[in-house]
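Some notes on the structure that comes next.
Per chain, numbering begins at 1; letters A, B, ... match sequence-line order.
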There are 2 protein chains.
Amino acid sequence: MTNEKVGSAGDHVAPSDQTDPELDVLVREIIGRVADKWTMLILETLEEGGRLRFTQLGELVGGISQKMLTKTLRQMEADGLLTRTVYPVIPPKVDYELTELGRNLSSAFCGVWLWAERYREDIARARQSFTQRAEHARDKPA
Amino acid sequence: MTNEKVGSAGDHVAPSDQTDPELDVLVREIIGRVADKWTMLILETLEEGGRLRFTQLGELVGGISQKMLTKTLRQMEADGLLTRTVYPVIPPKVDYELTELGRNLSSAFCGVWLWAERYREDIARARQSFTQRAEHARDKPA
DNA sequence: CCGGATCCCCTGAGATACTG
DNA sequence: CAGTATCTCAGGGGATCCGG
């Protein structure tokens, strides 16, 4: 192990503390796809709701356009996070369900959700403080 | 705890399994901000690199425009995830460092990184399979 | 010379209408 | 009902300019 650069900033070593730069690129690409607002909300909604239909899913997610819903679902399907089942009936029926891979990601993301719940007050305070400091800076720039 | 609706789709209950809808809205808003590609990459870079300067940070993150770097950093600062220190020197020097809150988020997000590393092969396979099925569907639509 | 603000351009997200 | 097609416009990327 020639390259054992120790994380200087913490004890919980960075997970992508790879020797191989290629692997890091791959992982970053994946993160770039899953670390997305709609992806996460859809993931969570399906985790809670199980097997859901298109419109139903859209309503539960809330505030998402059909286009983004379709696009994000396709991408998630392509990445193997969920399965898309089309029933050849009229009116059409399509439902979505997480795969094992998707549920694993949901579990992994659980920590972020807990973080958000736990520290929401701190975040709210930080925002207020930031706004006030920004306003204050305008009064006394010198 | 009057409302103990059990998650029907899994044993690891959904983290935002709230009774209070208002709380859910707040948490979702936070998720919407932190579940962002650049936010996560910057977070991780700072976790690994400790205290970093603007340009340095941009290079380590890779592929980010100055505008997005500035904007994302400001937002993260506003949310209390990192501190921005300006040294009144010439040439200017500004560095960024995670706060406790930011490091906590980084820890929380660690699971997602591990997930990406662990399942990257499955994801790659899923993508290939999806592409092939999509192409195949064009040959035999009937 | 660094951090970042500004401008311009183009992708990509939102809203609406239409189709199988 | 579940999309696709179209339009519009905000938002992101790139280059340039600026203040310290």
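- Residue A/R53 places at least one side-chain N or O closer than 4.0 Å to OP1 or OP2 of D/dA2.
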Between the protein and nucleotides 15-20 of chain D, are there any N/O to N/O pairs under 3.5 Å, and if so, what are the atom names and distances?
none

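- A/M68 has its CE atom 15 Å from the C1' atom of D/dG3, to the nearest Å.
- Contacts between residues 34-43 of chain B and DNA chain D, defined by a heavy-atom separation below 4.0 Å, involve B/W38, listed by number.
- Of the possible polar contacts, none joining the A/S106 side chain to the A/G102 backbone as a donor-acceptor pair under 3.5 Å is found.
- Among C/dG4, D/dG13, D/dA2, the nucleotide with an atom closest to any side-chain atom of B/V94 is C/dG4.
- Looking at A/V94, A/I64, A/L73 one by one, the single match for side chain to side chain contact (heavy atoms under 4.5 Å, CB included) with A/L57 turns out to be A/L73.
- Here side chain to side chain donor-acceptor pair (under 3.5 Å) pairs that include residues 67-85 of chain B, with residues two or more places apart or in two chains, are A/R127-B/D79, B/R33-B/D79, B/R84-B/Y96.
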Show your working on side-chain contact (heavy atoms from CB on, under 4.5 Å) between B/I30 and A/W115 and close with a plain yes or no.
-> CA-CA 10 Å; B/I30 295 173; A/W115 175 88; 3.9 Å; yes

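- When rounded to the nearest whole Å, the span between CG of B/L69 and C1' of D/dG13 equals 13 Å.
- Residue B/Y87 is classed as having no contact, given no heavy-atom separation below 4.0 Å to the nucleic acid.
- Legend: residues meeting salt bridge (Lys or Arg N to Asp or Glu O under 4.0 Å) with B/D36, ordered by chain and number and at least two apart, are absent.
- Within a heavy-atom distance below 4.0 Å of DNA chain D, the residues of residues 71-81 of chain B found are B/K71.
- Minimum interatomic distance between A/Q66 and A/F54 (heavy atoms only, all atoms of both residues): O-CZ, 4.2 Å.
- Candidate nucleotides D/dA2, C/dG4, C/dG14 were compared by shortest atom distance to the side chain of A/S65, and C/dG14 ranks first.
- Shortest non-hydrogen contact noted between B/W38 and B/G62 is CZ3-O, 3.8 Å.
- Note: OH (A/Y96) to P (D/dA2) measures 8 Å, nearest angstrom.
- Although no hydrogens or angles enter the test, the distance criterion places no donor-acceptor pair under 3.5 Å between the side chain of A/R51 and the main chain of A/D95.
- What you find for B/A116 and A/I31 is that their closest heavy atoms are CB-CD1, 4.1 Å.
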Chi angles and distances behind the side-chain contact (heavy atoms from CB on, under 4.5 Å) call for B/I42, B/L69 = CA-CA 8 Å; B/I42 289 172; B/L69 183 56; 3.8 Å; yes

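- The interatomic distance linking B/F54 (CZ) with C/dC2 (C1') rounds to 9 Å, in whole Å.
- A straight line from CD1 of A/I64 to C1' of D/dA2 spans 14 Å, rounded to a whole angstrom.
- Other cluster members for B/Y87: B/V89, joined by side-chain heavy-atom distances under 4.5 Å among Ile, Leu, Val, Met, Phe, Trp and Tyr.
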